[in-house]
Amino acid sequence: MKLIRYVADIPFVFIFVFLSVSVSVSVIRNTDAAVKQKQPCNGGSDDVYKGEWVYDESYPIFDSSKCKSIRREFSCLRNGRSDRNYLNYRWQPSSCTLPKFDGIDFLRRLKGKKVLFVGDSVSDNQWQSLVCMLQVATGEYSGAAAGEYFGAAAVTGGNSTSTVRFQKYGVSISMLLSHYLVDIENRKAGRVLNLDSIKDGEIWEQYDVVIFNTWLWWYRSGPKQPWDYIEYEGKITKDMDRMEAFRKALTTWAKWVNSKANPKAIYFFQGISPMHYRGEDWNKPGVKNCANETTPLKGSLYRGGEPLASKVLKDVLNTQVSPPSRVHLLDITTLSQLRKDGHPGTHGTFGMDCTHWCIAGVIDTWNLILYSQLIRAI
C-alpha cells in the first residue's frame with residue numbers, strides 16, 4: 001500500500017518525462033540492434049552498391065599524413081584544402097555492412113600474388129589509394145610509389161608500369177597505364193587506335209588479380225587526343241561515334257577475357273567514375289564545377305541519372321563475357337555521384353579537377369568494396 005501511495009504522489013509531469021526518456025532509449029537501442037543485425041555484404045548481389053553516405057568520426061580509413069607516396073595531384077590536404085568534413089563519411093549499404101579495412105588481412109589473403117590495375121589516371125587514382133591504405137597498415141614501403149622510389153617505373157608494351165612490393169607477404173600492387181585498353185599503333189599514316197587489338201593482354205595474363213578500367217579519354221579531341229585514326233575490322237576512318245567506339249573496344253576486351261584470360265585469376269572492372277561539372281545534376285543549376293562543394297548529397301538518388309557509358313559497360317559485361325560472373329563489376333558510379341565534395345577541385349595539379357578524387361577520401365571506399373569482394377573470392 002505504501003508503494004502505491006508513493007507512486008500516486010509522483011507528479012504527472014515527472015512520470016511523463018520518465019516514460020519519454022525510456023521510450024527514446026528503447027528506440028536508440030532498437031536502432032543499434034537493427035544495425036548490428038545487418039548481415040555482412042557478401043558480394044553476391046548489388047546490395048553493397050545501394051545505400052547512403054553517413055557521417056562517421058572514426059573515418060577516414062587511414063591518415064593520409066602517414067602515407068609518403070600520395071601523388072601531388074591527389075593530395076588535397078597537402079595542397080591546401082582546409083575543409084575536412086569530406087574525410088568523415090562512410091558508405092553504408094542499405095541491407096548489409098561492409099567490413100572494416102584490414103590491410104594485414106588483405107595482404108595475408110593475397111600472399112605471394114600479384115595485383116594489377118589497368119587503365120587511365122582514375123585507375124592510377126585507385127591504385128594510389130590502395131597503396132597508401134596498405135602502406136599505412138604495414139609501415140612497409142618498397143617500390144615505384146614509395147617515397148624516394150616514386151616514379152621508378154618499368155616500361156612494357158608501350159605503356160608504363162609502376163609497382164609497389166610488400167616484401168614480407170610477397171605481394172605486389174602494380175599500375176599499368178592504358179587509356180583505352182585496346183592498342184594505339186604508330187604507322188606511316190599516323191597514330192591508329194585499333195579497336196580490334198590488345199597486345200598488353202600478354203602482360204595481363206601474368207597477374208592473379210586484375211582491375212580494369214577505361215572511359216575518361218574516349219571523348220578527347222584536338223591536341224589532347226593521342227590518336228589520328230580509328231581502325232575497326234580492317235577499315236581505317238578518321239573518326240567514329242565515340243560511344244560506339246567505346247563499345248567496340250570493350251567487346252574486344254571481352255573476347256580477350258573469354259579466350260586468353262588466366263583461368264585462376266580474379267578479374268574486376270572499375271565502374272564509370274563520375275565527374276562533377278554540371279550543378280544541375282545535383283540540384284544546383286548554374287554551378288559549373290565542384291569547387292565549393294563540402295558535403296555529400298543526402299539519400300541515395302542522383303538527379304543526373306546513370307551515365308550512358310555505365311549502361312554500355314554493363315551491357316557488354318552481361319552479354320559478351322562468358323559467363324558474366326567471370327568479371328565482377330565494381331559498380332561505384334552511383335555512390336560516387338553522391339560525393340561531389342570528394343574531388344581535388346582547386347587543390348590538385350590539373351586546374352579545376354572535378355574528375356579525380358582526393359586521397360584520403362571517397363576512392364578509399366572503392367578499395368574497401370574491392371577488399372570485401374576479395375574476402376568472398378579467396
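The CD1 atom of Ile272 sits 10.0 Å away from the CG atom of Leu216 when rounded to the nearest 0.5 Å. One distance of note links OH of Tyr219 with CE of Met243; it measures 4.0 Å at 0.5 Å rounding. Atom CZ of Arg90 and atom CG of Leu368 lie 10.0 Å apart (nearest 0.5 Å). The CG atom of Asn79 sits 9.5 Å away from atom OG1 of Thr346, with the distance rounded to the nearest 0.5 Å. Of the inter-residue distances, the one linking Gln39 atom CD with Asp47 atom CG reads 10.5 Å to the nearest 0.5 angstrom. Put simply, SG on Cys132 and CD1 on Ile363 are 11.0 Å apart, with the number rounded to the nearest 0.5 Å.
Between the Asp83 side chain and the Asn85 main chain, no donor and acceptor come within less than 3.5 Å of each other. Within the 3.5 Å criterion, the main-chain N or O of Gln320 finds a donor-acceptor partner in the side chain of Asn258. A donor-acceptor pair under 3.5 Å is absent between the side-chain atoms of Trp204 and the main chain of Ala261, judged by distance alone. A donor-acceptor contact shorter than 3.5 Å is absent between the side chain of Asp183 and the backbone of Glu185. Asn88 places no side-chain N or O within donor-acceptor distance of the main-chain N or O of Tyr55, the cut-off being under 3.5 Å. Without hydrogens or angle criteria, Thr252 side chain to Lys248 main chain gives a donor-acceptor distance under 3.5 Å. Between the side chain of Ser372 and the backbone N or O of Ile369, at least one donor-acceptor pair lies under 3.5 Å. A donor-acceptor pair under 3.5 Å links the side-chain atoms of Ser94 to the main chain of Lys50, judged by distance alone. Between the Gln167 side chain and the Val171 main chain, no donor and acceptor come within less than 3.5 Å of each other. Remark: the backbone N or O of Pro344 is not paired with any side-chain donor or acceptor of Asp353 at under 3.5 angstrom.
Side chains of Trp357 and Ser273: a donor-acceptor N/O pair is present below 3.5 angstrom, by distance only. Of the N and O atoms on the side chains of Thr295 and Asp341, not one donor lies less than 3.5 Å from an acceptor on the other residue. Looking at Asn367 and Ser129, their side chains do bring a donor and an acceptor atom within 3.5 Å of each other.
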For this session: Please test Arg71 against Asp124 for side-chain contact (heavy atoms from CB on, under 4.5 Å), starting from the C-alpha separation and ending with a verdict.
Result: CA-CA 10 Å; Arg71 291 193 173 177; Asp124 186 30; 2.5 Å; yes
For this session: Apply the test side-chain contact (heavy atoms from CB on, under 4.5 Å) to residues Tyr277 and Thr355: give CA-CA distance (whole Å), side-chain angles for both, the deciding distance (0.1 Å), then the verdict.
Result: CA-CA 9 Å; Tyr277 292 101; Thr355 298; 3.3 Å; yes
For this session: Please lay out, stage by stage, how Lys314 and Asp331 fare under the test salt bridge (charged side-chain N to carboxylate O under 4.0 Å, His left out).
Result: CA-CA 9 Å; Lys314 289 178 180 178; Asp331 195 7; 3.3 Å; yes
Exercise. Passes side-chain contact (heavy atoms from CB on, under 4.5 Å), Val287 versus Trp282? Steps please.
Worked result: CA-CA 9 Å; Val287 171; Trp282 63 91; 4.0 Å; yes
Exercise. Which is it for Arg109 and Ile375 under the side-chain contact (heavy atoms from CB on, under 4.5 Å) test, yes or no, and what are the steps along the way?
Worked result: CA-CA 8 Å; Arg109 289 176 182 274; Ile375 288 176; 3.8 Å; yes
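With sequence neighbours excluded, the residues that form a ring-ring contact (aromatic ring centres under 6.0 Å, His included) with Tyr371 are Phe101.
Between Thr138 and Ile104, the closest side-chain pair of non-hydrogen atoms falls below 4.5 Å. In this structure the side chain of Leu77 reaches within 4.5 angstrom of the side chain of Arg84, judged on heavy atoms. For the pair Cys76 and Phe74, the minimum side-chain heavy-atom distance is 4.5 Å or more. Proximity of Trp127 to Val164: side-chain heavy atoms (C-beta onward) are separated by under 4.5 Å at one or more points. Side-chain contact check for Arg326 versus Val257: some heavy-atom pair is nearer than 4.5 Å. Side chains of Tyr49 and Thr333 form no contact here, defined as non-hydrogen atoms less than 4.5 Å apart. For the pair Asp364/Trp91, no side-chain contact is recorded, criterion being any heavy-atom separation below 4.5 Å from C-beta on. Within the 4.5 Å cutoff, the side chain of Leu195 has heavy atoms near those of the Met240 side chain.
Looking at every heavy atom in both residues, Pro93 comes nearest to Leu98 through CG-CG, 4.1 Å. Of all heavy-atom pairs between Ser121 and His356, the closest is OG-NE2, 2.6 Å. Shortest non-hydrogen contact noted between His343 and Pro274 is CE1-O, 3.7 Å. Nearest heavy atoms, Gly103 versus Ala137: CA-CB, 3.8 Å. For the pair Cys358 and Tyr86, the tightest heavy-atom approach, listed with the atom from each and the gap, is CB-CE1, 3.8 Å. The two residues Leu370 and Phe117 make their nearest non-hydrogen contact at CD2-CZ, 4.3 Å.
In the hydrophobic clustering of ILVMFWY residues, with side-chain heavy atoms under 4.5 Å counting as a link, Ile378 and Phe106 come out together. With hydrophobic clusters built from ILVMFWY side chains whose heavy atoms lie under 4.5 angstrom apart, Leu177 does not share a cluster with Phe350. Residues Val136 and Leu87 fall into different hydrophobic clusters, defined by Ile, Leu, Val, Met, Phe, Trp and Tyr side chains chained together at heavy-atom separations under 4.5 Å. In the hydrophobic clustering of ILVMFWY residues, with side-chain heavy atoms under 4.5 Å counting as a link, Tyr302 and Leu308 come out together.
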Side chains of residues 207-214: which donor-acceptor partners sit under 3.5 Å, not counting sequence neighbours?
unit_1, atom_1, unit_2, atom_2, d
Asp208, OD2, Lys114, N, 2.7
Asn213, ND2, Asp120, OD1, 2.8
Asn213, ND2, Ser123, OG, 3.1
Asn213, ND2, Gln270, OE1, 3.4
Thr214, OG1, His179, O, 2.7
Thr214, OG1, Trp218, NE1, 2.8

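With salt bridges taken as basic N to acidic carboxylate O contacts below 4.0 Å, one links Arg247 and Asp315. Using a cut-off of 4.0 Å between Lys/Arg side-chain N and Asp/Glu carboxylate O, Arg278 and Glu280 are scored as salt-bridged. Taking 4.0 Å as the cut-off between side-chain N and carboxylate O, Lys100 and Asp102 do not count as a salt-bridged pair.
Under a 4.5 Å side-chain heavy-atom criterion applied to ILVMFWY residues, the cluster that includes Ile236 comprises Val192, Tyr229 as well.
Considering Trp215, Trp253, Tyr180 in turn, Trp215 is the only one that fulfils the ring-ring contact (aromatic ring centres under 6.0 Å, His included) rule with Phe246. Tested against Glu293 for a salt bridge (charged side-chain N to carboxylate O under 4.0 Å, His left out), the candidates Lys288, Arg339, Lys284, Arg81 yield a single pass: Lys284.
Within 6.0 Å of the CD atom in Glu202, the count of heavy atoms belonging to other residues, nucleotides or ligands does not exceed 12.
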